[in-house]
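Report on one structure; see the data block that follows.
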Amino acid sequence: MLGTEEKNFENMLILSGGKFFGFFLTFLIPFFLSRWLTIEDYGTYKQIILLWMVFLQIQNLGMDLGLFYFVKTDPRNAPIFSLNVAAANLATTLLTIGALLFFSGQISNLLNNSQLATYIPYFCLVLLFSIPAQHFEHYLVSMDKIKWAFILEGLHEISKSCIIIMGFLFYNSLKTVLLMLSLLYLIKLCILICFNISLIKRHHINLSTGAAYLLKQVAYGFPLGIARIISAIIYFDKLIISFMYSVVQFTVYSVGCFEIPFVHTVLNTIWELASLEMVVARNTNDHQRLIALMRDTLRKIAILSIPIALFCIVFGKEIIIFIFSATYKNSVPYFRLFMLTFVANAFDCELLFRVCRENTVFLKIQVLNLLLTLLMMIFLGMIYGPLGALAGKIIAASISLIVMFKSVRRFLGVPLSEFLPWANIVWITLLCAFLSSSTYIFTTLAGMSGVLQLSFAATIYFVSVFLILSSFGIVSEMEKEYFKRKIIGLNIFAKQGIT
């Protein structure tokens, strides 16, 4: 029988594995499109995807974000909560679609791209079905159906990646890609609705309570929704760049702000699973358990985010050229700077504010973050160009993170060192800075380049980081034992297969 911590660790690996199935196909998207399309056409695709991500973030009025709280508090009525989220998202999406269709020309002018208006009707179809269905995986996790979420996540990522790649490869048409994506999300939405209906029938749930629960969900989620709108504006700084500069400059900036999808998903999964345990700790008034969960979560975030960020900074040029080709070598400085923003965002503890019902405090922090981001990006962008704008975003994100941690310290009622593992963070940073630099010097002197250099350096670097962090106790005994058992199990399985 697995303990709670080990079970959570295993769930994190399972959910991340669902994304990993589609990772290679997802990785091929920029690798293929950046070579297949012109810079202008690739920029148009990036703008459509950017708008999609923005609307996925802001359309739900915070109800998606609060779903886990209601499901964990009242599991029997989980399908009511899910259907309420889908219905509310559908209503706001219909309003958004009307606005997009009416102002399509103005939006194209605002983003300095005349081609954009022709794709907006097709884009609206994607919004219509994707936004009401987007909470499905999160909903399954809240119900502790981890393997179901794993399967759904894997199938979703593989299907989405195949549609994008095949749509351009065989039809060379963004319109075809958008139509096929809308069909994918229509199927996903239908599965979600059928799943909830089956639960309602099985447990004889009274649908008449839906309206009362809807009001509670809106009241809980609305501050989170406003905060998420602000977060979207901050996070999708590419919109600001698109307003200020040409589509070519936007594309160079956007390529530089490239996020590795699998890593982003693992970070989100760590926070998501920790938040479920935090809700239980808060509901049982186990304050020490809540603090311990926060500290352990930040330790895991540091182990994952800092080594990746420093490797990407040192090998930034090789990574950008390998993924996007030498055409985008001007994106390398942006990529290196962006990795600093990546680390700051990784430590964003928004979920703790939700767990502790400090949504209003988080909203105030996000307002501050928004004002700082807009001020710094526009001011430095006007002086130093897009690179200065990105530096401004890093400054704003760092200040906001400091304010966030001070707020957490206040409502947890403990010193910063109680929940923030300072020593671990410093050791990981120093170790990774030394190892990444040493690995780069060694592989360069050995005459390696391209894929060989990246693959060799990554293998040596990440294995060394894991072994050294394990020897210092930063990787916990439970995590080491878990991996040890799995490796031994795989070895036994392999030997049985041979015999």
Side-chain angles (χ1 to χ4, degrees), residues 23-54 111-113 115-116 119 160-161 164-165 167-169 172 174 177 232 234-265 308-345 377 380-381 384-394 397 449-451 453-454 458:
F23 169 67
F24 290 107
L25 287 173
T26 304
F27 175 78
L28 285 175
I29 292 174
F31 186 88
F32 169 70
L33 295 186
S34 62
R35 290 163 172 81
W36 183 267
L37 303 176
T38 65
I39 292 180
E40 291 79 6
D41 287 341
Y42 187 48
T44 300
Y45 163 79
K46 295 284 284 184
Q47 285 180 329
I48 288 287
I49 297 299
L50 175 61
L51 289 173
W52 188 18
M53 294 300 104
V54 168
L111 297 179
N112 298 310
N113 189 348
Q115 298 182 53
L116 204 57
Y119 299 110
K160 185 178 70 174
S161 301
I164 294 173
I165 293 173
F168 280 108
L169 182 62
N172 197 25
L174 180 55
V177 169
I234 297 166
Y235 183 73
F236 295 106
D237 51 294
K238 302 181 190 73
L239 278 177
I240 300 174
I241 300 300
S242 191
F243 296 153
M244 295 178 64
Y245 305 102
S246 68
V247 67
V248 173
Q249 288 175 300
F250 162 80
T251 307
V252 171
Y253 180 95
S254 182
V255 166
C257 297
F258 169 69
E259 289 191 37
I260 304 171
F262 177 66
V263 175
H264 185 67
T265 299
I308 290 173
L310 286 171
F311 182 84
C312 289
I313 289 171
V314 173
F315 288 88
K317 180 180 178 180
E318 290 73 16
I319 292 171
I320 289 295
I321 291 176
F322 169 64
I323 297 175
F324 297 96
S325 80
T327 304
Y328 295 93
K329 62 183 179 182
N330 291 336
S331 297
V332 172
Y334 297 92
F335 182 63
R336 286 173 170 156
L337 267 182
F338 176 72
M339 283 298 108
L340 300 178
T341 309
F342 161 75
V343 173
N345 289 336
M377 286 193 70
L380 294 179
Y384 301 106
L387 198 61
L390 182 56
K393 182 186 177 182
I394 295 169
S449 61
V451 181
Q453 183 183 22
L454 279 176

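The structure displayed is predicted, hence computed values, not measured ones.
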Compile the donor-acceptor pairs under 3.5 Å between side chains in residues 328-343 and protein atoms, sequence neighbours left out, one pair per line.
unit_1, atom_1, unit_2, atom_2, d
Ser331, OG, Val252, O, 2.7
Ser331, OG, Tyr328, O, 3.4
Arg336, NE, Ile313, O, 2.9

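Residues passing the side-chain hydrogen bond (donor to acceptor under 3.5 Å, both in side chains) test with Ser449: none are found, sequence neighbours excluded. Under the side-chain hydrogen bond (donor to acceptor under 3.5 Å, both in side chains) criterion, Asn113 pairs with Thr44, Gln47, not counting sequence neighbours.
To the nearest 0.5 angstrom, Leu174 atom CG is 8.5 Å from Tyr45 atom OH. Separating the CD1 atom in Ile39 from the CD atom in Gln249 is a distance of 11.5 Å, to the nearest 0.5 Å. Interatomic distance, NZ of Lys46 versus CG of Leu37, reported as 11.5 Å (0.5 Å rounding). Taken to the nearest 0.5 Å, the CZ atom of Phe322 stands 14.0 Å off from the CZ atom of Phe315. From Leu169, atom CG reaches atom CG of Leu33 across 10.0 Å, with rounding to the nearest 0.5 Å.
Across every non-hydrogen atom of Met377 and Ala389, the tightest pair is CG-O, 3.2 Å. When all heavy atoms are compared, the tightest approach of Leu380 to Gly388 is CB-O, 3.2 Å.
The side-chain heavy atoms of Phe250 and Leu50, taken from C-beta on, include a pair separated by under 4.5 Å. Counting heavy atoms from C-beta on, the side chains of Phe32 and Ile164 never come closer than 4.5 Å. Side-chain contact between Ile49 and Trp52 is present, with heavy atoms from C-beta onward closer than 4.5 Å.
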